[in-house]
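Here is the naming used below: chain letters follow the sequence lines, and residue numbers restart at 1 for every chain.
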Number of protein chains: 2
Amino acid sequence: MSKPPKRHVTLTDIAAAAGVAPMTVSRVLNGSGYVSAETREKVLAALRKMNYRPNGLARALKRQRTETVGLVLGDIANPFAAELSRGVREVLAARGYNLFICVSEQSAKEDLAAFDSLLDHRVDGLIVATRASKLGNDRLAEIVEAGTPVVAIGRDFRHPQADLVTADHLRGGYEAAQHLISLGHRRIGFIGVSLTSGLWLRRFQGYLEALREHGLPVEEELVAGGGASAEQPGYATEEMGYEGMRQLLALREPPTAVFARNDFAAFGAMNAIKRAGLRIPQDIAIVGYDDVPLASHTSPPLTTVRQPTREQGRLAAELLLRRIESREPVAREERIFACELVVRESTVGK
Amino acid sequence: MSKPPKRHVTLTDIAAAAGVAPMTVSRVLNGSGYVSAETREKVLAALRKMNYRPNGLARALKRQRTETVGLVLGDIANPFAAELSRGVREVLAARGYNLFICVSEQSAKEDLAAFDSLLDHRVDGLIVATRASKLGNDRLAEIVEAGTPVVAIGRDFRHPQADLVTADHLRGGYEAAQHLISLGHRRIGFIGVSLTSGLWLRRFQGYLEALREHGLPVEEELVAGGGASAEQPGYATEEMGYEGMRQLLALREPPTAVFARNDFAAFGAMNAIKRAGLRIPQDIAIVGYDDVPLASHTSPPLTTVRQPTREQGRLAAELLLRRIESREPVAREERIFACELVVRESTVGK
DNA sequence: CATATTCCTGTTAAGGTTATCAGAAGATGT
DNA sequence: ACATCTTCTGATAACCTTAACAGGAATATG
């Protein structure tokens with residue numbers, strides 16, 4: 001009972017079975033043009049019988065659009081990416097578009113491969129949420145100039161014909177640090193990047209700005225990368241946070257508060273603090289970033305900065321569709337969402 | 001300086017620019033057939049100048065293959081899905097295939113939409129890692145029978161022409177419970193499903209089996225769904241674990257140990273235990289499932305069951321490619337990976 | 001020197017769909 | 001009765017690429 005790899009049923013097969021021209025079947029399928037009730041019934045009968053699936057390739061080739069959007073993520077494993085893609089999907093699904101996700105695993109080269117792969121399949125537009133790179137941005141500029149709509153999310157890509165959606169992480173980082181300062185902390189650590197190579201990280205810049213503004217010195221020893229993985233661009237891990245915190249705890253004069261690059265790093269740091277037998281926040285206060293679901297369920301619950309992630313995805317999708325569906329050139333849009341400090345007990349213990 | 005939506009550069013454009021036939025350009029691009037060095041140079045020059053990108057739709061339409069594989073995930077937000085897709089990607093990338101991911105958000109209907117969307121784009125094969133449903137399995141059977149290679153991961157879909165990759169969660173669940181029993185526990189709770197509707201969950205069956213085998217009664221009150229979200233099929237959340245544990249703690253006679261459906265539920269449970277002022281594992285021992293990275297960094301570190309997630313993804317990809325690239329029918333393969341109990345301090349405290 | 005072989009290039013058709021045009025049949029208006 | 005319009009269906013070509021074939025030129029073989 002071995003099945004030879006069957007050919008797909010084509011629209012022409014249906015036409016033959018129903019005794020009509022292919023074009024008529026096409027009209028029935030798309031509900032366009034005139035078809036008599038009688039003919040329609042014949043075609044529908046044939047369709048039901050033969051289990052036909054339209055060939056999207058051929059259709060897209062002819063129509064010059066695929067009704068599919070590509071989303072490029074740097075890393076599929078983090079809550080930010082997940083939430084973002086949900087937002088994107090919501091909007092696309094409602095408007096009848098499909099979403100294909102490509103993951104670049106944080107490599108600029110894979111980024112290019114993902115762009116190419118999606119473009120070769122002629123997606124109607126691209127949403128890019130990977131870390132910026134010279135290589136990637138150059139290619140993106142080419143893509144935009146070749147006429148494919150592109151929207152960047154939280155990625156430093158500015159182009160007169162592409163939209164940008166992001167959150168104000170400079171401000172978010174500033175407020176997190178400011179919060180700790182206002183609680184009286186003077187030695188405030190940062191976990192997740194190193195001082196020398198972390199300036200691309202907006203929330204880190206915000207931290208530096210807050211310190212500067214309050215006349216606090218920026219001490220290199222208080223900025224803990226968290227080991228070898230620190231320079232990797234992805235979402236910081238709890239491992240990174242754990243290692244970073246251990247570095248800080250090993251100082252002659254450890255910080256009294258730390259700001260972690262994201263919640264996962266903060267979780268790792270919290271565990272390091274507890275293992276060292278110290279209390280949160282009495283001995284060391286801690287702030288995370290992102291407000292992932294887990295953040296409100298740790299003990300103590302984590303003070304963190306919430307960014308409207310799903311909204312960013314939704315808006316990006318809407319901006320993209322606007323470009324896709326507009327005939328004439330569209331004015332550039334850059335939207336920066338505000339972040340919100342969520343104060344919990346990891347800084348103002350009960 | 002408004003740009004009209006440019007047409008893509010086609011192979012024919014290149015041919016015209018280089019003064020050769022389209023076929024010759026095709027030969028240069030694909031490195032197939034004979035092309036003189038001189039002609040090749042002309043073509044390459046034109047290619048460089050005109051920024052050409054092959055039209056994958058047309059190519060795929062002609063070649064009848066896309067070198068693209070579709071992966072359907074139920075939920076992008078969980079570590080299992082992330083790790084799985086990494087494994088799949090690794091293998092595909094090495095063999096020159098692209099990966100498109102579709103997310104069904106745990107709905108059987110969306111599942112079908114994802115299948116259709118990928119099939120309409122004529123992916124060469126499908127890897128399905130969503131929860132089984134009657135609707136979905138019926139459709140998958142049709143797909144397989146229509147000739148598209150399909151591999152299921154951890155999904156109850158059996159078909160003579162489709163492969164199945166999974167891990168032995170029955171055994172995994174059994175060992176987790178067995179571990180707690182061997183530590184002397186007699187009242188062992190389960191968090192993450194309800195007794196009445198949780199039987200689809202293999203690890204839960206393993207738990208029941210272990211109890212039965214040791215003559216322990218299965219008490220309904222010890223099986224805590226964790227609120228309304230419990231019946232949702234996705235990855236259990238820490239919220240679910242938190243709520244579930246609170247239910248168990250409210251019993252007249254709470255369990256002395258709990259087994260959580262996955263690590264995230266376990267984290268939530270741990271936090272509920274700590275908030276109640278109890279100690280882990282002295283008052284309540286806890287076991288999770290999956291061994292996500294965070295599990296070794298909680299305090300105390302979590303005893304859990306490790307499943308070889310990435311390997312499952314890799315194997316699924318390999319099985320799929322085997323089917324895609326073989327002309328003749330391929331024998332069905334069902335591979336069940338063993339799970340491994342990882343004992344940490346949440347059960348055998350230091 | 002005739003014949004076979006290798007190298008190179010072009011022509012044609014096809015993959016499955018749909019836009020466009022053309023034409024037939026029936027309905028409506030004057 | 002004739003022009004006009006609406007409704008229906010089909011033929012043709014095109015979207016862009018490549019497989020298959022064909023043929024010409026150059027080189028090798030007997």
Quiz prompt | Member of L118(A), V103(A), I127(A) meeting the side-chain contact (heavy atoms from CB on, under 4.5 Å) criterion with V72(A) | solution = L118(A)
Quiz item: Between the two end axes of the helix from dC1(C)-dG30(D) to dT30(C)-dA1(D), each built from 5 base pairs, what angle do you get to the nearest 10°?
Solution: 50°
Quiz item: Can H8(B) and Q64(A) be said to form a side chain to side chain donor-acceptor pair (under 3.5 Å), step by step?
Solution: CA-CA 10 Å; H8(B) 284 275; Q64(A) 300 283 64; over 6 Å; no
Quiz item: With a 4.0 Å cut-off on heavy atoms, is S32(B) in touch with a base, just the backbone sugar-phosphate, or nothing at all?
Solution: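 Touches nothing.
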Quiz item: H121(B) NE2 to dG16(C) C1': how many Å, rounded?
Solution: 15 Å
Donor-acceptor pairs are to be reported for all side-chain atoms of residues 14-24 of chain B against protein atoms at under 3.5 Å, with residues two or more places apart or in another chain.
none

Quiz item: In chain order, what residues pass the side-chain contact (heavy atoms from CB on, under 4.5 Å) check against I336(B), with sequence neighbours excluded?
Solution: T166(B), D168(B), E334(B)
Self-check item: D116(A): salt bridge (Lys or Arg N to Asp or Glu O under 4.0 Å) partners, not counting sequence neighbours
Solution: R139(A), R53(B)
Self-check item: Set of salt bridge (Lys or Arg N to Asp or Glu O under 4.0 Å) partners for E325(B), sequence neighbours left out
Solution: R95(B)
Self-check item: Note: R48(B)-E41(B) ion pair, threshold 4.0 Å (strictly below)
Solution: yes
Quiz item: Reading nucleotides 6-15 of chain D from the 5' end, what letters show protein touch, with B for base, S for backbone sugar-phosphate only, - for no heavy atom under 4.0 Å?
Solution: -SBBBB--BB
Quiz item: Below 6.0 angstrom between ring centroids: does that apply to H121(B) and F100(A)?
Solution: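 For H121(B) and F100(A), the ring centres are under 6.0 Å apart.
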